[in-house]
Amino acid sequence: MTGDELREKYLIFFEQKGHKRIESSSLIPHGDPTLLLTSAGMVQFKPYFTGEAVPPSPRLASCQKCFRTTDIGSVGNFKHLTFFEMLGNFSIGDYFKKEAISWAWEFVLDWLKIPKEKLWITIFLDDDEASRYWREIGVSAERIVRCGEKDNFWGPAGETGPCGPCSEIHYDFGEQHSCGPDCSPSCGCGRFLEIWNLVFTEYYQDAQKKRTPLPRKNIDTGMGLERTATVIQGKRSFYDTDLFAPIIQRVSQLTGRKYGDNEKADRAMRIVAEHGRAVVFLIA
Ligand code: SER
């Protein structure tokens, strides 16, 4: 499945679940002084979550162009990009955890055909409700890992805004990539790759970091297009997927270096490919 097919499949799946397809907004957020760049799919929907605006439908789905300057130092590894596309389904006070979890599982297993044995789930520390829904759809208790605020509480995007506990789906590249007996989905060693984050957006965080309940409970999910393409195309890195391979080839032509010959040069070529692509989208 190509990256383009994955993007389309995702949007069709959620249209079939009653979602309205929404175009990606600009990388420059409109009317949002808290953010320099659009960093997540939920950014254009923030006024819907806070109740300041009425959405065109309580169920929305998009493929959002995102830019994360926070990850710039990691570019060149197999986990982080500055520019990426985020697939997302959103509930504005409509469905909540149960549906978000069961639809994510259905899409990953039945539409993407990722084997269940390769997947792990993380949940927020005390989120027994999310744990129960994952168990109900057949995830075993050993595959559900509880993590704290750093890993499993998302947002706000910027200083203030909607946020909430989250639950993530991680792909396991196998024990041969493990850094040791304590390796788990929250580990950065490269054995695991988070492909989808389901945020249960219940709170508004103000400038004093005080959290108050939003008018309604919402869903904000984000599936990384490039990460998921890596997994379903059986690759180990973004740069080997159809979304990046042509750019790497072009860097190779221009520099006269063969990708795969030398790790230091390979990393440099990945950085050039990533930044080249990112800058094109920023300019556009
Ligand atoms: N906003 C969440 C994220 O960026 C889920 O879409 O991970």
Side-chain angles (χ1 to χ4, degrees), residues 6-7 10-11 13-14 17 19 21-25 27 29 32 34-50 55 59-72 74 79-97 99-101 103-105 107-108 120-124 127 130 147-171 185-186 188 192-205 211 214 217-228 231:
L6 168 60
R7 192 190 292 108
Y10 183 95
L11 295 169
F13 177 84
F14 282 102
K17 303 286 185 200
H19 293 63
R21 188 189 290 220
I22 305 288
E23 286 289 303
S24 172
S25 63
L27 279 177
D32 186 342
T34 71
L35 289 171
L36 178 66
L37 297 167
T38 299
S39 55
M42 58 80 73
V43 167
Q44 66 166 321
F45 304 135
K46 278 161 84 173
Y48 302 152
F49 289 130
T50 55
R59 298 182 182 187
L60 307 168
S62 66
C63 180
Q64 176 66 49
K65 295 188 281 284
C66 297
F67 202 101
R68 288 196 177 167
T69 53
T70 43
D71 291 331
I72 201 162
S74 310
K79 272 196 177 179
H80 296 99
L81 298 167
T82 54
F83 170 80
F84 64 99
E85 290 180 78
M86 191 186 284
L87 297 160
N89 55 290
F90 304 86
S91 157
I92 314 295
D94 187 46
Y95 62 86
F96 199 46
K97 292 183 191 181
E99 293 84 351
I101 287 173
W103 290 340
W105 203 233
F107 184 69
V108 164
W120 292 69
I121 302 299
T122 62
I123 57 171
F124 188 58
D127 195 349
C147 299
E149 290 244 348
K150 184 179 143 290
D151 294 303
N152 279 73
F153 193 96
W154 194 87
E159 294 289 301
T160 59
C163 56
C166 60
S167 180
E168 301 162 334
I169 302 179
H170 294 252
Y171 181 80
S186 60
F192 296 96
L193 185 66
E194 177 203 333
I195 55 170
W196 204 344
N197 185 17
L198 317 180
V199 184
F200 312 126
T201 313
E202 299 181 57
Y203 304 106
Y204 183 89
Q205 183 170 305
R211 290 178 190 153
L214 285 166
K217 293 183 175 186
N218 312 280
I219 291 292
D220 151 28
T221 88
M223 170 183 257
L225 178 78
E226 295 82 353
R227 287 184 177 191
T228 308
V231 167

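All values below were derived from every heavy atom in this structure, side-chain atoms included, with hydrogens, water molecules and symmetry-related copies excluded. On a predicted model such as this, the values are computed, not experimentally measured, just so you know. In listed order, ligands and their atoms are each counted from 1.
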Inset, instruction - In plain terms, say whether R211 and E149 are close enough for a salt bridge, that is, a side-chain N and a carboxylate O under 4.0 Å apart. - result: yes
Inset, instruction - Would you check if E168 and F192 make a side-chain contact, meaning some heavy-atom pair closer than 4.5 Å? - result: no
Legend entry - Every residue of the protein that comes under 4.0 Å of ligand 1, judged on heavy atoms: A40, M42, R68, M86, W154, N197, V199, D220, T221, G222
Legend entry - Distance-only donor-acceptor check, side chains S167 and K97, under 3.5 Å: no
Inset, instruction - Please identify each residue that fulfils ring pair (Phe, Tyr, Trp, His ring centres under 6.0 Å) with F13, with sequence neighbours left out. - result: F107, W111
Inset, instruction - Quick one: which residue pairs count as a side-chain hydrogen bond (donor to acceptor under 3.5 Å, both in side chains) with a foot in residues 151-165, not counting sequence neighbours? - result: T122-N152
Could you go through residues 82-92 and list every donor-acceptor pair under 3.5 Å that involves a side-chain atom there, pairing it with any protein atom two or more places apart or in another chain?
residue : atom : partner : partner atom : Å
T82     : OG1  : E274    : OE1          : 3.1
T82     : OG1  : E274    : OE2          : 2.7
E85     : OE1  : R7      : NE           : 3.0
E85     : OE1  : R7      : NH2          : 3.3
E85     : OE2  : R7      : NH2          : 3.0
N89     : OD1  : Y10     : OH           : 2.8
N89     : OD1  : T221    : OG1          : 2.6
N89     : ND2  : Y95     : OH           : 2.9
S91     : OG   : D94     : N            : 3.0
S91     : OG   : Y95     : N            : 3.0
S91     : OG   : Y95     : O            : 2.6

